[in-house]
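Remarks on the structure that follows.
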Amino acid sequence: MSAKVVIVDDHSMVREGLRQLLELDGDVEVIGEASDGVECLDLLQEILPQVLLLDINMPNMNGLEVLEKLKEDNVNVKVIILTVHNEIEFLMRAVEIGINGYLLKESDSTELKRAIFRVINGETYIQPSMIPLLNSKMIERDIEKIKIKALTKRELEVLKLLSIGLYNKEIGERLSISERTVKNHISSIFKKIEVTDRTQAAVFSIRNKIVNVF
C-alpha cells in the first residue's frame, strides 16, 4: 500500500512540484494539501495522513505552531518539517516540540521518500548534514543543565534579578540580604555557569529560560 501524505506549504508551485515527485512511482499518495497552518488543522479534522510534510514559514500559523498544536491535541500523525531553514535554532526547537523528521527543501525526491518511509516505521529522520551540529548543541544543552543544577535556590533568585537588570543594591533589597552577600552570590554564579560578566549571565538565563524578557 502507498504511503498517505498531506503537504502543507504556502506556495502552490512547491506543493504541486512535491506532489508530482512523490507520486511518480506510485508508492506515495498525496491525499491533501494546505496553504497555511490554520487550513492544515482544519484539513486534519477531515482526513488523517500517515505523514504530514510541514513547512515552517507560513501565514496565519507557522509550522512550529502547528506542530505544538498537534502535540497538544495528541493527533496521531507523523510530522516531517520540510523547510529552507538550515539554522540549528529551528531544528532544536522542532526537536524540543517533538518532530519525526526534519528535511531541507534542497533534498532530492529519493531522500524525501526515504524520510517518509522511515518515520512511518517509527524512526526519526534528520537532515544528515545537520546531525553533527545537532549533536553538538544537544551536548551543550546537557552541560548547561548541569550548570543550572549546580546553582543554589538563592543563586537562582539572584541570577533572575540580575538578568532583568537590577543592580546589586536593588537585588539585596528585593531579597532582604546585604549588598556584600549579593556580590558573593554573583561571584559564585559566574564561576558555576562559566561567564565573566552580567551580560553573559543574562544571556545564559534567557537561553535556558531561567528568565523570560519577552
Side-chain angles (χ1 to χ4, degrees), residues 2-44 47-72 75-142 144 207 209:
S2 59
K4 310 299 182 184
V5 173
V6 162
I7 300 171
V8 187
D9 194 292
D10 60 330
H11 294 96
S12 59
M13 290 182 65
V14 171
R15 297 197 305 274
E16 180 59 31
L18 285 171
R19 176 187 284 272
Q20 291 180 9
L21 286 172
L22 291 172
E23 294 187 331
L24 188 60
D25 298 324
D27 52 354
V28 175
E29 179 185 0
V30 177
I31 62 172
E33 299 179 15
S35 60
D36 62 45
V38 174
E39 187 177 328
C40 168
L41 294 177
D42 288 342
L43 180 61
L44 293 180
I47 58 174
L48 190 62
Q50 292 172 284
V51 178
L52 187 67
L53 295 180
L54 186 62
D55 189 20
I56 290 181
N57 286 344
M58 295 183 295
N60 300 321
M61 194 177 195
N62 68 46
L64 295 180
E65 291 171 333
V66 171
L67 181 58
E68 286 180 324
K69 182 63 175 173
L70 294 176
K71 294 301 177 180
E72 179 184 320
V75 179
N76 185 26
V77 61
K78 305 291 186 180
V79 180
I80 296 176
I81 295 288
L82 186 60
T83 179
V84 297
H85 291 295
N86 61 359
E87 295 90 344
I88 189 61
E89 290 76 15
F90 286 98
L91 174 55
M92 287 293 292
R93 181 58 185 144
V95 168
E96 287 172 354
I97 300 170
I99 43 117
N100 303 101
Y102 192 100
L103 207 59
L104 299 180
K105 287 183 177 179
E106 65 190 33
S107 304
D108 58 30
S109 60
T110 300
E111 185 169 17
L112 178 54
K113 284 189 177 184
R114 183 184 303 123
I116 289 171
F117 287 106
R118 284 194 180 179
V119 300
I120 287 175
N121 289 328
E123 300 178 45
T124 298
Y125 191 92
I126 304 295
Q127 179 78 27
S129 62
M130 298 189 73
I131 289 177
L133 188 54
L134 175 62
N135 289 337
S136 175
K137 281 292 182 180
M138 295 295 281
I139 292 171
E140 183 181 311
R141 285 285 180 90
D142 288 342
E144 295 204 335
R207 184 171 63 241
K209 299 180 181 179

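- Looking at V75 and L48, their side chains come closer than 4.5 Å, going by heavy atoms from C-beta outward.
- Residues satisfying the side chain to side chain contact (heavy atoms under 4.5 Å, CB included) test with I31, not counting sequence neighbours, are K4, V6, E29, I47, P49.
- Residue G26 comes nearest to S2 through the heavy atom pair O-CB, 3.6 Å, listed as atom of the first residue, atom of the second, then distance.
- A heavy-atom distance below 4.5 Å is not found between the side chains of V119 and V79.
- Taking CG of L104 as the reference point, atom CG of L82 lies at 8.5 Å (rounded to 0.5 Å).
- Taking the side chain to side chain contact (heavy atoms under 4.5 Å, CB included) definition, one finds that V14 meets it with D9, H11, L18, K105, sequence neighbours left out.
- For E23, the salt bridge (charged side-chain N to carboxylate O under 4.0 Å, His left out) partners at least two apart in sequence or on another chain are R19.
- By the 4.5 Å heavy-atom criterion applied to side chains, V5 and I116 are counted as neighbours.
- Applying the side chain to side chain donor-acceptor pair (under 3.5 Å) rule to D142 yields no partners; only residues at least two apart in sequence or on another chain are considered.
- Every side chain to side chain contact (heavy atoms under 4.5 Å, CB included) that R118 has, sequence neighbours left out, goes to R114, E123, Y125.
- Residues satisfying the salt bridge (charged side-chain N to carboxylate O under 4.0 Å, His left out) test with E16, not counting sequence neighbours, are none.
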Donor-acceptor pairs under 3.5 Å, side chain of residues 52-66 to any protein atom, not counting sequence neighbours: which ones?
| residue | atom | partner | partner atom | Å |
| --- | --- | --- | --- | --- |
| N57 | OD1 | H85 | NE2 | 3.4 |
| N57 | ND2 | H85 | NE2 | 2.9 |
| N60 | ND2 | D36 | OD2 | 2.9 |
| N62 | OD1 | L64 | N | 3.0 |
| N62 | OD1 | E65 | N | 2.8 |
| E65 | OE1 | N62 | N | 2.9 |

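- Applying the ring-ring contact (aromatic ring centres under 6.0 Å, His included) test to pairs two or more places apart or on separate chains, none has a residue in residues 18-37.
- Residues that satisfy the salt bridge (charged side-chain N to carboxylate O under 4.0 Å, His left out) test with K113, not counting sequence neighbours, are D25, D27.
- Across all non-hydrogen atoms, the minimal contact from I99 to T124 is O-CG2, 4.5 Å.
- Here the side chains of M92 and V95 are not in contact, with every heavy-atom distance at 4.5 Å or above.
- Nearest heavy-atom pair across I81 and A94 is CG1-CB, 4.5 Å.
- When the salt bridge (charged side-chain N to carboxylate O under 4.0 Å, His left out) test is applied to R93, the partners found at least two apart in sequence or on another chain are E68, E96.
- Remark: the backbone N or O of Y102 is not paired with any side-chain donor or acceptor of Q127 at under 3.5 angstrom.
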Test side-chain contact (heavy atoms from CB on, under 4.5 Å) on E33 and V8 and set out the steps. CA-CA 6 Å; E33 299 179 15; V8 187; over 6 Å; no
Under 3.5 Å, side-chain donor or acceptor atoms of residues 128-138 against the rest of the protein: list the pairs with distances, not counting sequence neighbours.
| residue | atom | partner | partner atom | Å |
| --- | --- | --- | --- | --- |
| N135 | ND2 | I131 | O | 3.4 |

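- For Q50 against I120, the heavy-atom pair with the smallest separation is NE2-CG2, 4.0 Å.
- Partners of S35 by side chain to side chain donor-acceptor pair (under 3.5 Å), not counting sequence neighbours, listed by chain and number: E39.
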